[in-house]
Trainee: 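Below is one structure. I have some questions about it.
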2 protein chains.
Amino acid sequence: MAHQVTIKDIAKILGISASTVSRALKDHPDISPKTKRMVQAFAQKVNYRPNALALNLRRSKTNTIGIIIPEIVHHFFSSVISGIEKVAYAAGYNVMICQSNEDYNREVIDAQALLDNRVDGVLMSLSKTTFDHDHIRNLIDHGIPVVFFDRAPNEIEADKVFIDDFMGAKIATHHLIATGCRNILHLAAPSHLLIGQRRRDGYIKALEENGIQFNPDFIIKCDTRDDVFANAGKILQLANQIDGIFTVNDSTAIATMQVLMKNGIRIPEHISVIGFGDGPNANICYPPLSTVEQKGTEIGKEATQLLLNQIENTEDIYKPTTKTITPVLRIRESTLM
Amino acid sequence: MAHQVTIKDIAKILGISASTVSRALKDHPDISPKTKRMVQAFAQKVNYRPNALALNLRRSKTNTIGIIIPEIVHHFFSSVISGIEKVAYAAGYNVMICQSNEDYNREVIDAQALLDNRVDGVLMSLSKTTFDHDHIRNLIDHGIPVVFFDRAPNEIEADKVFIDDFMGAKIATHHLIATGCRNILHLAAPSHLLIGQRRRDGYIKALEENGIQFNPDFIIKCDTRDDVFANAGKILQLANQIDGIFTVNDSTAIATMQVLMKNGIRIPEHISVIGFGDGPNANICYPPLSTVEQKGTEIGKEATQLLLNQIENTEDIYKPTTKTITPVLRIRESTLM
DNA sequence: AACGACGTCGCAAACGTTTGCGACGTCGTT
DNA sequence: AACGACGTCGCAAACGTTTGCGACGTCGTT
């Protein structure tokens with residue numbers, strides 16, 4: 001119940017003014033060595049700690065960065081957070097995390113909450129249900145830098161960091177083709193998300209480069225475990241026409257393998273499956289999943305670095321950049337040799 | 001770049017005092033209906049939002065709760081966060097998350113940061129390397145309520161919420177015995193963690209209740225995937241003496257299964273394996289893992305509810321309670337029928 | 001006509017800092 | 001002896017709110 005000791009308390013006890021205490025604590029040249037020693041010793045003794053609330057108000061800077069993500073319980077996002085946390089912490093920033101639950105309305109409220117709390121910057125990945133971006137413009141208009149990762153809107157000029165989705169999808173598809181697949185199904189994310197669009201484009205590009213005719217029937221919108229079970233009928237119906245599947249993420253791939261295997265289809269002998277993401281599941285599922293590595297932690301670090309640059313570099317007008325992280329193929333046992 | 005409009009701004013433009021604006025905005029009876037209408041209409045027009053920083057300082061209340069967890073990239077902890085976030089949000093609180101990375105020193109710094117930022121309360125789960133609790137007492141001494149979940153110190157009086165580790169371990173071990181196992185290895189967490197201790201005790205209790213002699217050689221300290229690989233030799237050496245394994249968590253169980261299977265041991269025919277946790281991995285690994293369900297989200301919700309009670313109930317002295325959530329057996333294919 | 005009640009507002013202080021500016025004393029120089 | 005330079009400190013305002021208290025006007029009552 002001990003109330004935190006303040007500069008005023010110290011001043012009163014020591015019989016000097018608060019300004020002198022404040023200056024003594026930060027080694028200001030105006031203060032005599034004797035006073036400094038006295039103040040610093042006393043402050044240490046009573047374990048003085050500046051009140052961050054007062055500091056925040058005074059400098060209107062909170063040393064806090066806000067994060068808005070679709071959901072925390074998701075390996076990719078939690079590893080992004082981990083990366084963010086690491087570099088933010090090293091730079092003396094705290095993080096405030098909001099979860100949109102893939103809900104646009106919640107995302108709007110979150111953005112407002114972060115603005116109300118005057119975070120110094122925002123790191124975000126769009127929810128699947130947001131098509132309007134006024135809440136983001138609102139942040140930017142109020143001078144709060146925003147950088148996106150993974151899921152970013154086309155229409156907003158801002159720093160963005162992605163894995164190279166196009167390239168990743170391309171090398172995944174290439175790998176399927178190189179191991180003999182010719183009729184490749186793609187389980188895709190909605191195309192209003194850049195990532196859905198780009199991974200689909202990479203898939204198509206790989207087909208083209210190998211002279212394989214693109215078949216529009218071979219793309220199904222299906223990007224969650226539940227989606228797979230909902231679409232199981234459709235997928236099984238295609239099963240005898242295809243020899244490979246490229247999915248937009250790992251959990252879709254794993255659920256697909258489970259559905260196929262339960263119906264007597266052998267992987268990779270009958271159908272090869274490759275995912276995208278490389279979470280820990282890829283090592284744990286059966287068979288171990290070939291996939292594309294999408295380094296969440298690295299993305300988080302890069303995004304935070306970009307944000308800090310913007311926060312600390314207030315002078316000139318900022319020119320948005322897009323960082324792209326090159327993905328790597330992880331070949332395991334769900335594809336042929 | 002538009003600076004946020006303040007009460008002072010409104011007062012100046014409308015030609016009235018800031019106090020009147022403040023009161024008009026919160027419908028104070030002292031203010032005339034005409035003035036209220038004018039102020040409220042104007043505030044709405046310019047999208048006035050109170051500055052949370054100033055409010056925080058004024059009431060020395062931040063409507064923020066701090067979280068300290070060992071690591072975010074872990075299904076159990078991220079689902080706890082998800083639960084916390086849910087009830088905190090509903091009650092108008094933000095969350096500030098710190099990751100100790102299982103490092104005591106970092107945990108101390110995190111606690112200090114949360115204190116500096118005057119969070120209204122702290123939810124935490126101890127790192128594996130903390131044996132000293134002064135940083136926690138410091139929080140409590142300064143009037144910040146703390147509630148623990150999952151990993152809590154014995155020596156501190158505070159609200160705590162656990163799954164019933166003892167019971168969970170007991171029913172898991174019972175299940176192994178009921179399906180025919182007699183020589184059961186336990187891969188355990190360090191016993192200075194309550195959870196390690198309790199799960200071990202539950203294991204021993206189950207043996208006792210079934211008249212099975214407890215063999216101290218059948219407990220190995222081994223509670224991560226990496227630990228399993230490090231201890232692979234020791235485990236394989238025991239393999240022909242045992243017919244069941246109960247592990248302190250799922251990832252240990254899964255890694256163990258992989259090590260055993262790679263060495264030609266069949267699961268569950270030769271050795272049954274049961275875990276603790278029931279993350280998504282349990283469904284994804286091969287064979288699907290029998291385990292004990294440890295509802296992270298529910299734990300997070302309960303813990304937050306306890307914390308909010310404490311925060312809002314400042315009147316009388318608080319009597320710490322411990323909530324215990326009953327676990328449920330999830331039988332899948334890594335144990336016999 | 002005088003007084004009290006009430007409605008409506010503004011002043012000022014406060015939360016805990018920081019910082020520009022001026023005040024005061026001492027000392028050395030001319 | 002007088003003046004300037006410099007060292008050392010405190011006052012006051014500011015960040016954006018809230019709130020106790022008092023001020024002022026109007027109206028109704030006796």
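The sequence lines fix the lettering, A, B, ..., with proteins before strands; numbering per chain opens at 1. All values below were derived from every heavy atom in this structure, side-chain atoms included, with hydrogens, water molecules and symmetry-related copies excluded.
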Trainee: Answer yes or no: is there an ion pair linking A:R137 with A:D134, defined by an N-O contact shorter than 4.0 Å?
Mentor: yes

Trainee: Indicate, with a heavy-atom threshold strictly under 4.0 Å, whether B:I16 touches base, sugar-phosphate, or nothing.
Mentor: sugar-phosphate

Trainee: For a quick test of reading the model, state the closest non-hydrogen atom pair linking A:I10 to A:V21 and the distance between them.
Mentor: CG2-CG1, 3.9 Å

Trainee: Both atom distances under 3.5 Å, Watson-Crick or G-U wobble: I'd like the secondary structure of DNA chain D as a dot-bracket string, with | for pairs made across strands.
Mentor: ||||||||||||||||||||||||||||||

Trainee: Tell me: CG of B:L14 to C1' of C:dC9, nearest whole Å?
Mentor: 14 Å

Trainee: Which heavy atom of B:F149 sits nearest to which heavy atom of B:I84, and what is that distance?
Mentor: CE2-CD1, 4.4 Å

Trainee: Let me see the working for A:R151 and A:L194 under side chain to side chain contact (heavy atoms under 4.5 Å, CB included), right down to the final yes or no.
Mentor: CA-CA 7 Å; A:R151 306 198 319 211; A:L194 271 184; over 6 Å; no

Trainee: Taking only the side-chain nitrogens and oxygens of A:S32, find out if one of them lies under 4.0 Å from OP1 or OP2 of D:dC9.
Mentor: yes

Trainee: Of all heavy-atom pairs between B:A43 and B:L25, which one has the smallest distance, and what is that distance?
Mentor: CB-CD2, 3.7 Å

Trainee: Tell me whether the rings of A:H192 and A:F131 are parallel (<30°), tilted (30 to 60°) or perpendicular (>60°).
Mentor: tilted

Trainee: When the distance from CE of B:M38 to P of C:dT8 is rounded to whole Å, what number comes out?
Mentor: 13 Å

Trainee: Ignoring hydrogens and geometry, is there a side-chain-to-backbone donor-acceptor pair from B:S100 to B:R106 under 3.5 Å?
Mentor: no

Trainee: To the nearest Å, how far apart are B:R37 CZ and C:dT8 C1'?
Mentor: 15 Å

Trainee: Which class fits the ring pair B:H74 and B:F76: parallel under 30°, tilted 30 to 60°, perpendicular over 60°?
Mentor: perpendicular

Trainee: Output one letter per nucleotide in nucleotides 15-25 of chain C: B when a protein non-hydrogen atom lies under 4.0 Å from the base, S when only the sugar-phosphate is that close, - when neither is.
Mentor: BBBBBB-----

